[in-house]
Number of protein chains: 2
Amino acid sequence: MAVPRAAKTQRRTRIQEEKEERIFEAALDVFSAQGFRGSTIDQIADAAGMSKPNLLYYFRTKEAIHRQLIDRVLSTWLEPLRAFDAEGRPEAEIRSYIRRKLEMARDFPRESRLFANEVLQGAPHIEDELRGPLKELVDEKAEVIRGWARAGKIAKCDPYHLIFSIWSTTQHYADFDVQVRAVLGQEQAGEGRFEDAARFLEQLFLDGLRVR
Amino acid sequence: MAVPRAAKTQRRTRIQEEKEERIFEAALDVFSAQGFRGSTIDQIADAAGMSKPNLLYYFRTKEAIHRQLIDRVLSTWLEPLRAFDAEGRPEAEIRSYIRRKLEMARDFPRESRLFANEVLQGAPHIEDELRGPLKELVDEKAEVIRGWARAGKIAKCDPYHLIFSIWSTTQHYADFDVQVRAVLGQEQAGEGRFEDAARFLEQLFLDGLRVR
DNA sequence: CGATAATTTGACCGATTGGTAAAAGCTTAC
DNA sequence: GTAAGCTTTTACCAATCGGTCAAATTATCG
């Protein structure tokens, strides 16, 4: 007659940790591919290799899975921007930010699509995170960039739109992967496309922001 | 005892045209906001101000609405790229392509999100269009850009990734609108953001592609 | 071992889903 | 006007949805 999530013992069971991990993995697969509304608990349970009631023993509702999944993924997702260093050399910082974001698009496309789906559909579950922590982080880094521009280290430009453009160009390779592959065609769509993209984007941003 | 869509008279009724138009409008609202799987026929019927069976009299299935909606929207969506002129001056062509795409993100965000949702979820309904007509169009324009680069009119760069980056940066303002607004905050998120974006993107691409 | 707590299952629920059938109501051309 | 064809509605269906419940099973610990 136990209450879900071990009300009596307080600490988490080994089984709990394992199962919750499997559920998060499965939920990332399903939510990133179909969005929140398009996903069903059954699909997640199937992907996690367990029955629906069993899954609901660990997470009370579909929304609970989604919310916790986003929470856990969001912090790592913002890591590259957080690593953006005010003390570094502008060129090197921008170049490595692009590199990191592109690597994330290549190595964690599900995470990218999870957010893309969410934001695309109006961000009903993460609007607070956007207005709060995200905005604060971007405000801070925008100030850094503005400082570089004032000091003549990079061209004068709107730092917010610069950040947006780095986000969009890099995440494009995760979110619109099918389209990118379709347009590039069989021969060019191999893993080399990320190297090509990196080369192009570095040229674009570094030359585009060079002082003239 | 009539069969849907006027099997006997062949030509379309006035009522048919009006109702199908209303359904397309409603479907664009709903599909663009929630994706295919997340949308329901009831929602579309509601938005179109008619009953579900009435809507299904004009379109046999949910898929049929979606397919025809995408067909009708796709050609106008590719118009700016089609207008890309090989004979024009490279700088002017690129600048006006960015302008047009940005205007479309501002004026037709639903269309942008319709495709974004579709591609994001693996493009199950438009993969053929991507591999066929879209790829052909991009191949053609990529060749134009390559010619400009060879002639030294713009910097050497991968034309495909250039096109991808223009798509992603401009469509970002439609697809990720909520995020853009949230990050910019109340004061900066007015309609002026499109002018700011245009200025930034023109600077980025024109300086980034200038021969040096 | 035995008991207590944690986990899993199968059977089930009401609401919503995409879609159908048939008849009633409405237009239009003659 | 009237008949043929077009449109709309009402009532309905089977499947799927998110979620519950109680009982059965398994793990843990003294």
Side-chain angles (χ1 to χ4, degrees), chain A residues 1-24 26-27 29-31 33-69 117 121 124-125, chain B residues 1-24 26-27 29-31 33-69 117 121 124-125:
Chain A
M1 217 75 72
V3 176
R5 279 168 302 290
K8 301 230 168 160
T9 47
Q10 300 295 355
R11 73 190 156 80
R12 294 155 53 87
T13 318
R14 169 184 54 88
I15 296 183
Q16 258 174 62
E17 305 224 13
E18 283 175 18
K19 290 294 166 74
E20 285 177 11
E21 191 54 43
R22 269 168 57 192
I23 293 171
F24 277 132
D29 265 350
V30 176
F31 281 137
Q34 315 205 295
F36 181 78
R37 289 216 45 181
S39 304
T40 73
I41 300 182
D42 280 296
Q43 290 173 335
I44 301 172
D46 273 2
M50 64 182 74
S51 67
K52 182 169 62 170
N54 195 8
L55 184 151
L56 286 166
Y57 169 74
Y58 293 101
F59 295 87
R60 248 187 284 272
T61 65
K62 184 175 147 184
E63 244 131 3
I65 313 173
H66 193 249
R67 189 166 1 98
Q68 293 187 44
L69 177 64
N117 263 303
Q121 310 198 354
H125 304 100
Chain B
M1 215 80 69
V3 177
R5 279 170 301 292
K8 301 229 168 159
T9 49
Q10 300 295 356
R11 73 189 157 79
R12 294 154 54 87
T13 319
R14 169 185 54 88
I15 296 183
Q16 260 173 62
E17 304 223 13
E18 283 175 18
K19 290 294 166 74
E20 286 177 9
E21 191 53 43
R22 270 169 55 192
I23 293 170
F24 278 131
D29 264 352
V30 176
F31 282 137
Q34 316 206 297
F36 180 77
R37 288 218 45 181
S39 303
T40 73
I41 301 182
D42 280 296
Q43 290 173 334
I44 300 173
D46 273 2
M50 64 182 75
S51 67
K52 181 170 62 171
N54 195 7
L55 183 151
L56 285 167
Y57 169 74
Y58 294 100
F59 295 88
R60 247 187 285 272
T61 64
K62 184 175 147 184
E63 244 131 3
I65 313 172
H66 192 249
R67 188 166 0 99
Q68 293 187 44
L69 176 64
N117 263 304
Q121 310 198 353
H125 305 100

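Per chain, numbering begins at 1; letters A, B, ... match sequence-line order. When reading the values below, keep in mind they use all heavy atoms of this one structure, side chains included, and skip hydrogens, waters and symmetry mates.
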Of all the nucleotides listed (D/dT20, C/dT8, D/dT8), which has the minimum atom distance to the side chain of A/P53?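 Of the options given, the side chain of A/P53 lies nearest D/dT20.
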Taking only the side-chain heavy atoms of B/K52 (C-beta and beyond), determine which of C/dG18, D/dT7, C/dT7 contains the nearest atom.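 It is C/dG18.
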Hey, mind stepping through B/F31 and B/F24 against ring pair (Phe, Tyr, Trp, His ring centres under 6.0 Å) and telling me if it holds? CA-CA 10 Å; B/F31 282 137; B/F24 278 131; over 10 Å; no
Using the side-chain contact (heavy atoms from CB on, under 4.5 Å) rule, pick out the option among B/V30, B/D46, B/L55 that qualifies with B/I41.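 So, applying the side-chain contact (heavy atoms from CB on, under 4.5 Å) to B/I41 and each of B/V30, B/D46, B/L55, only B/L55 qualifies.
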Using whole Å, report how far [atom1] of [X] lies from [atom2] of [N].
X     : N      : atom1 : atom2 : answer
A/F59 : D/dT20 : CZ    : C1'   : 19 Å
A/L55 : C/dT8  : CG    : P     : 11 Å
A/L56 : D/dA22 : CG    : C1'   : 16 Å
A/Y58 : D/dG19 : OH    : P     : 18 Å
A/E20 : C/dA6  : CD    : C1'   : 13 Å
B/K62 : D/dA15 : NZ    : C1'   : 14 Å
A/E17 : D/dA27 : CD    : C1'   : 16 Å
A/I65 : D/dC17 : CD1   : C1'   : 14 Å

Which of residues 33-51 of chain B have a heavy atom under 4.0 Å from DNA chain C? B/S39, B/T40, B/I41, B/D42
B/D42: which residues meet the salt bridge (Lys or Arg N to Asp or Glu O under 4.0 Å) condition with it, sequence neighbours left out?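 Salt bridge (Lys or Arg N to Asp or Glu O under 4.0 Å) list for B/D42, sorted by chain: B/K52.
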Do the side chains of B/M50 and B/R22 get nearer than 4.5 Å, heavy atoms only? yes
Heavy-atom side-chain proximity of B/Q121 to B/F36 below 4.5 angstrom: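 No, too far: nothing below the 4.5 Å cut-off.
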Would one find a side-chain N or O of [X] under 4.0 angstrom from OP1 or OP2 of [N]?
X     : N     : result
B/Q16 : D/dC6 : no
B/N54 : D/dT9 : yes
B/Y57 : D/dT8 : no

Residue list, side chain to side chain donor-acceptor pair (under 3.5 Å) with A/Q34, at least two apart or on another chain: A/Q43, B/R37
What orientation do A/H66 and A/H125 show, parallel under 30°, tilted 30 to 60°, or perpendicular over 60°? perpendicular
